[in-house]
Protein chains: 2
Amino acid sequence: MKFSKIPAVTITRLSIYSRCLETLAQEDVKIIASDKLAQKCGINPAQIRKDLAYFGEFGIRGVGYFVKELLFEIKRILGLNKTWKMALVGIGNLGLALVAHENFIRQGYEFVAVFDVDPAKVGRRLPSGQVIHNMDDLDQVVKEKGVEIGVIATPASKAQSAAYRFISAGVKALLNFAPIQLQVPEGMAVENVDFTVKLDNLAYHLTMAES
Amino acid sequence: MKFSKIPAVTITRLSIYSRCLETLAQEDVKIIASDKLAQKCGINPAQIRKDLAYFGEFGIRGVGYFVKELLFEIKRILGLNKTWKMALVGIGNLGLALVAHENFIRQGYEFVAVFDVDPAKVGRRLPSGQVIHNMDDLDQVVKEKGVEIGVIATPASKAQSAAYRFISAGVKALLNFAPIQLQVPEGMAVENVDFTVKLDNLAYHLTMAES
DNA sequence: AGATATCCGTGCAAAATTTCACAAATATTG
DNA sequence: CAATATTTGTGAAATTTTGCACGGATATCT
Ligand SMILES: NC(=O)c1ccc[n+]([C@@H]2O[C@H](COP(=O)([O-])OP(=O)(O)OC[C@H]3O[C@@H](n4cnc5c(N)ncnc54)[C@H](O)[C@@H]3O)[C@@H](O)[C@H]2O)c1
Ligand SMILES: NC(=O)c1ccc[n+]([C@@H]2O[C@H](COP(=O)([O-])OP(=O)(O)OC[C@H]3O[C@@H](n4cnc5c(N)ncnc54)[C@H](O)[C@@H]3O)[C@@H](O)[C@H]2O)c1
């Protein structure tokens, strides 16, 4: 496990570069310099070069980077040269939007199973094809389908227990939409998506700007 | 404008502390030490004290912090002693979930208007009460209702134009759900909520953990 | 009351991250 | 082909952020 010393922000930025490069590739841009890419991402150009330097040399001096090649390399680094299998717990308002979102599959992420406790929902088939499973079947279904990433979209009060279910089924990565800090064993990867934190940042900024 | 030297991460953490303190208040915990709070948030206790020190002294040595008092102070710092008025553009799958989310109002954020281009949607009233406006009315409605935060949930290709609309209507803060980097004038506050970036982080972690 | 334990606020050092600036490599121009 | 212009990759400096460790304030125990 060469966890080495690569900063988490670097990974986050790689993801942003990848996004940007995808757009450029669509626009049929062949080559791009770190300056231009930096401008597009709102990031310092030296930063981009430093980030890439953790993983190798991908550019040509005096020229720049081949868009497609760099995109391919970044995706390889991030592990996006495969499709990751996700399962969702809590198919409410947000869960439905997530499962319906067809961009995920294009990015290499697929919902292979969904779960809920609501008896009115369990057993129904979603427009995207998945049948809503009972929570009792989580362990079995997760193992059967080889789920790698667990997505939690239950009410906050149920998120921790949902996390435990995933953990004991052997899932090693969680994406949590509930506004709580999950307690997980060492070695688990947890990412929180928290809209309110972002809103609070905006509120602070607006409040400061006034004074 | 005393933008001072307060790190953005500090603001983000304040938001997390506030979340945690709210839970504690509900559990009727009166007093908490930085060590305990730190544990709950997965953060170093000195960090918490440092963060708070930017804004004043809120604790009592040998005792800790009064939960309710600290919560109040943090909310005041973040500017949450008022309700912020938001408008949403793009009432699709995600937009519907956002508008339906009743936690926002509890946290001090309210959707006072929603917009879309789809003629089939414009004019309809949502269960949460708002009528879907045409994009042409954005400028007027935003000014009329005093919208302070613009939320963008359109397809990525339309997000920049939606941003322009908000900007020219005088909105100073944007919450962007589309997976692109918005170009905005100096002084605007923009926060991106990007699920895929989070997923990419998980994918990287899982890929590394294997080797 | 004195001794002991707890815990905040903060100076300072360490660690992490960002940015600069320049050599080296490639391209272009006259 | 030499001179000039780009642009990467990277060491070193600058900046930011984190974490330690301790003085001082408060509480508790004997
Ligand atoms: N909707 C949003 O825009 C939004 C925004 C920010 C955060 N969130 C967070 O996302 C989560 C989901 O939000 P939502 O709006 O979809 O809520 P919701 O109430 O619409 O849906 C929750 C779903 O979880 C299911 N559920 C409840 N308990 C469960 C359990 N123990 N196991 C499995 N499933 C269970 C419910 O049956 C329901 O289908 C919440 O934590 C919310 O705070 C949502
Ligand atoms: N649904 C998700 O879970 C999810 C996840 C990650 C990111 N996103 C992003 O959020 C955004 C919205 O996603 P969605 O799933 O709700 O998409 P959607 O297609 O369901 O909804 C988009 C809505 O925007 C409206 N719209 C289109 N062009 C517009 C314009 N010019 N002005 C105003 N409104 C316009 C459409 O009529 C539609 O109602 C997208 O950028 C998407 O990439 C969504």
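As a basis for the values below, the full set of heavy atoms in this structure was taken, side chains included, without hydrogen atoms, waters or symmetry mates.
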For residues 61-73 of chain B, which side-chain donor-acceptor pairs fall under 3.5 Å, sequence neighbours excluded?
{"unit_1": "Glu73(B)", "atom_1": "OE1", "unit_2": "Arg76(B)", "atom_2": "NE", "d": "3.0"}
{"unit_1": "Glu73(B)", "atom_1": "OE1", "unit_2": "Arg76(B)", "atom_2": "NH2", "d": "2.5"}

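- Contact detail for Phe111(A) and Ala87(A): the closest heavy-atom pair is CD2-C, 4.3 Å.
- With sequence neighbours left out, the side chain to side chain contact (heavy atoms under 4.5 Å, CB included) criterion links Glu144(B) to Gln140(B).
- By the 4.5 Å heavy-atom criterion applied to side chains, Trp84(A) and Thr207(B) are counted as neighbours.
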N/O donor to acceptor pairs below 3.5 angstrom from side-chain atoms of residues 151-170 of chain A, sequence neighbours left out:
{"unit_1": "Thr154(A)", "atom_1": "OG1", "unit_2": "Ala159(A)", "atom_2": "N", "d": "3.4"}
{"unit_1": "Gln160(A)", "atom_1": "OE1", "unit_2": "Gln183(A)", "atom_2": "N", "d": "2.8"}
{"unit_1": "Gln160(A)", "atom_1": "NE2", "unit_2": "Gln183(A)", "atom_2": "O", "d": "3.0"}
{"unit_1": "Ser161(A)", "atom_1": "OG", "unit_2": "Lys158(A)", "atom_2": "O", "d": "3.1"}
{"unit_1": "Arg165(A)", "atom_1": "NH1", "unit_2": "Met135(A)", "atom_2": "O", "d": "2.7"}
{"unit_1": "Ser168(A)", "atom_1": "OG", "unit_2": "Tyr164(A)", "atom_2": "O", "d": "3.1"}
{"unit_1": "Ser168(A)", "atom_1": "OG", "unit_2": "Arg165(A)", "atom_2": "O", "d": "3.3"}

Test log, rule side chain to side chain donor-acceptor pair (under 3.5 Å), inputs Ser18(B) and Asp200(A):
CA-CA 10 Å; Ser18(B) 128; Asp200(A) 287 354; 4.9 Å; no

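- Closest-nucleotide positions on DNA chain C for Gly62(B) and Tyr65(B) were compared, and the one nearer the 5' end corresponds to Gly62(B).
- Partners of Asp194(A) under the side chain to side chain contact (heavy atoms under 4.5 Å, CB included) rule, at least two apart in sequence or in another chain, are Pro179(A), Thr196(A), Val197(A), Arg19(B).
- Across residues 23-47 of chain B, Asn44(B), Ala46(B), Gln47(B) each have a non-hydrogen atom less than 4.0 Å from an atom of DNA chain D (numbered order).
- Listed in residue order, the members of residues 48-61 of chain B having a heavy atom less than 4.0 Å from DNA chain D are Arg49(B), Lys50(B), Ile60(B), Arg61(B).
- Of all nucleotides in DNA chain C having an atom under 4.0 Å from a heavy atom of chain A, the first and last in 5' to 3' order are dT17(C) to dA27(C).
- A 4.5 Å side-chain heavy-atom check between Leu98(A) and Phe177(A) finds at least one atom pair inside the cut-off.
- Taking every heavy atom of both residues into account, Met188(A) and Ala173(A) meet most closely at CE-N, 4.2 Å.
- Side-chain contact between Leu126(B) and Ile91(B) is present, with heavy atoms from C-beta onward closer than 4.5 Å.
- Close approach of DNA chain D to chain B, defined as any atom under 4.0 Å from a non-hydrogen atom of the protein, starts and stops at dT17(D) to dA27(D).
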Atom pairs and distances, side-chain donor-acceptor, residues 24-42 of chain A, under 3.5 Å, sequence neighbours left out:
{"unit_1": "Ser34(A)", "atom_1": "OG", "unit_2": "Arg49(A)", "atom_2": "NH1", "d": "3.0"}

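- Pairs engaging residues 81-92 of chain B under the salt bridge (charged side-chain N to carboxylate O under 4.0 Å, His left out) rule: Lys82(B)-Glu148(B) [sequence neighbours left out].
- Residue pairs meeting the ring pair (Phe, Tyr, Trp, His ring centres under 6.0 Å) criterion with at least one member in residues 5-30 of chain B, sequence neighbours excluded, do not occur.
- The C1' atoms of five pairs define one axis at each end of the helix from dA1(C)-dT30(D) to dG30(C)-dC1(D), and these two axes lie 10° apart (to 10°).
- Here Lys75(A) pairs with Glu22(A) in a salt bridge; the nearest charged N to carboxylate O distance falls below 4.0 Å.
- Here the side chains of Val171(B) and Ile149(B) are not in contact, with every heavy-atom distance at 4.5 Å or above.
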